[in-house]
Number of protein chains: 2
Amino acid sequence: MASSRPKGRKAESGTVSVPTGRRLTAESRERQIVEGAIAYFAEVGLDGHTRELARRLGIAQPLLFRYFPTKASLIERIYEEVYLKRWKLGWEETVRDASLPCLERFRRFEMDYQRTIDDYAWLRIFVSAGLKGFDLPSRYLGMVRERIFAPLLEDMRAESNLPSPQAQPLVADEFELLFGIHGALVYVGLRSRVYGMDGTADRDAVRAAMLDAALPGLLATHRRVVTRARPVNPIGE
Amino acid sequence: MASSRPKGRKAESGTVSVPTGRRLTAESRERQIVEGAIAYFAEVGLDGHTRELARRLGIAQPLLFRYFPTKASLIERIYEEVYLKRWKLGWEETVRDASLPCLERFRRFEMDYQRTIDDYAWLRIFVSAGLKGFDLPSRYLGMVRERIFAPLLEDMRAESNLPSPQAQPLVADEFELLFGIHGALVYVGLRSRVYGMDGTADRDAVRAAMLDAALPGLLATHRRVVTRARPVNPIGE
DNA sequence: CCTCCTCTTGAGCGATCGATCAACAAGGGC
DNA sequence: GCCCTTGTTGATCGATCGCTCAAGAGGAGG
């Protein structure tokens, strides 16, 4: 029971050089820590322990604190690495691409976006941060709302000959229209990555089918939402 | 800084009767603990601490262990209280109600189901349990799949003159059809309860609108999925 | 070979975790 | 009035948390 360490490092006479903890450059060591922290905290949640993280990395626990002054700063770095760094400016370009119909822009954005976030670490750390009350999830979804959905809805208004957002501001129900389809796609990943359901081998194909089913009626529903939201007698029509 | 206790209980000479910790019957004390534990663990996650839970209840921490031998047993009790006990047999009756069209059964089930689970404790503990690797979420969603979606899909097959599940087993894509709409509705609650987004005042109305938008095309999509899933030359048609 | 810089570690600090135990206290039955 | 059952608590245990610090150890430059 006592000598349970798997390999190396003799128990007594502690000054024996370790085989695992090779000497690395500061840069590569920091990268190793960040990658390991992403995988570890994704698995056990942000309440994970620094000692266990160090054990998995094969390094001593104080070494973590040489590269990150606190556990919170390491988690902050994970946010940058997993969420901010994986945000693609191409998404914002896609939804503004005037050469494509709005529905096709939405479809292309969602397929690529979902492929990005249907990731063990992305989804689990996102949810864990939400549970812990961090503002990362709300801020991130605020970006989706303002940088993706808002310009898309603006062009959907134009495509349907509806008043522009300058003339008649976007209403919550319009965003809910897009968040509804969005949520159906996200839920596919959540069931697998967070709830541990084993079904659905090809989630990408499932999402493509969902979009095929939901998109055809979207513009009509959008028109209904906007016209109903504006109880003004239609003069110019 | 030292005498920071809010009320009662003198600091020194510790044997003073406490005003808050009144003597309760075992039954009502246990209920108080369960209710408080649900609220507390929903707020901070299942990694919450027994000392803080006891402090919020105004009782001593060891009292928790008189009613629940371990923290895990208390959490197990929460599962029974929040999930098993709130499962409504009426849901299984609704989706089998032959006097209603399948789409109406689905609509009624989802509206009532979502009203049940769009609850701070329900959603957050569900997600927290999933992150900690407990099998509660997968088992619960398995119940939804087998007891709700499976009988509903069977009758949808009949309503569309498609082969019964006995003749041709239900395929994963059919379940995904229902889980897609289901996920869009769940996501409305998740954004508010877990991700902390403040939007959407009347989530119930938003979900009703989502169903109005998604249900009309559901049967046609279902027919397409089933017929495509069976690459046999149609003879008897 | 020695030196110095820097990556790395063992030991340990104060705080806090889940859980235990003997002692206190509030009523109900006699 | 007393006693005995039972709800309740303070004190405390061993383990583990985030974090600190001084000393060990591996290379590059001289």
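Atom set for the values below is all heavy atoms of this structure, side chains included, hydrogens, waters and symmetry mates excluded. Because the structure is a prediction, the values reported are computed rather than measured. Below, chain A is the first sequence line, B the second, and so on; all start at residue 1.
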Between [N] ([atom2]) and [X] ([atom1]): distance, integer Å:
X: A/F65; N: C/dG12; atom1: CZ; atom2: P; answer: 19 Å
X: A/L63; N: C/dA11; atom1: CG; atom2: P; answer: 17 Å
X: B/I59; N: C/dA26; atom1: CD1; atom2: P; answer: 17 Å
X: A/L57; N: C/dT8; atom1: CG; atom2: C1'; answer: 14 Å
X: A/H49; N: D/dC19; atom1: NE2; atom2: P; answer: 12 Å
X: B/F68; N: C/dT20; atom1: CZ; atom2: P; answer: 15 Å
X: A/L53; N: D/dT16; atom1: CG; atom2: P; answer: 17 Å
X: A/Q61; N: D/dC17; atom1: CD; atom2: P; answer: 8 Å

Closer than 4.0 Å, any side-chain N/O of [X] to the OP1 or OP2 of [N]?
X: A/R29; N: C/dC7; result: no
X: B/R23; N: C/dA25; result: no
X: A/Y67; N: C/dC7; result: no
X: A/R51; N: D/dT16; result: no

**Request:** Could you check whether A/L64 gets within reach of a base, just the sugar-phosphate, or nothing at all, counting any heavy atom under 4.0 Å?
**Result:**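 Nothing, no nucleic acid heavy atom in range.
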
**Request:** Have a look at B/T70 and say if it touches a base, only the backbone sugar-phosphate, or nothing, with a 4.0 Å heavy-atom cut-off.
**Result:** sugar-phosphate

**Of the listed nucleotides C/dT6, D/dG18, C/dG18, the one nearest the side chain of A/R66** =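 Of C/dT6, D/dG18, C/dG18, C/dT6 is nearest to the side chain of A/R66.
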
**Prompt:** Nearest of C/dT20, D/dC21, C/dG18 to any side-chain atom of B/T50?
**Reply:** C/dG18

**Item:** Charged tip of A/R145 within 45° of A/F175 ring normal and under 6.0 Å
**Value:**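 Judged by the rule (NZ or CZ under 6.0 Å from the ring centre, within 45° of its axis), A/R145 counts as positioned above A/F175.
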
**Message:** Quick check with a 6.0 Å cut-off and a 45 degree axis cone: is A/R191 positioned over the face of B/F179's six-membered ring?
**Reply:** yes

**Message:** Can you confirm whether B/I33 sits close enough to B/I59 that some side-chain heavy atom of one is under 4.5 Å from a side-chain heavy atom of the other?
**Reply:** yes

**Message:** Less than 4.5 Å apart, side chain to side chain, heavy atoms only: is that true for A/F126 and A/V82?
**Reply:** no

**Exercise: do B/W91 and B/E110 side chains pair donor with acceptor under 3.5 Å** =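 The answer is no; no qualifying pair exists.
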
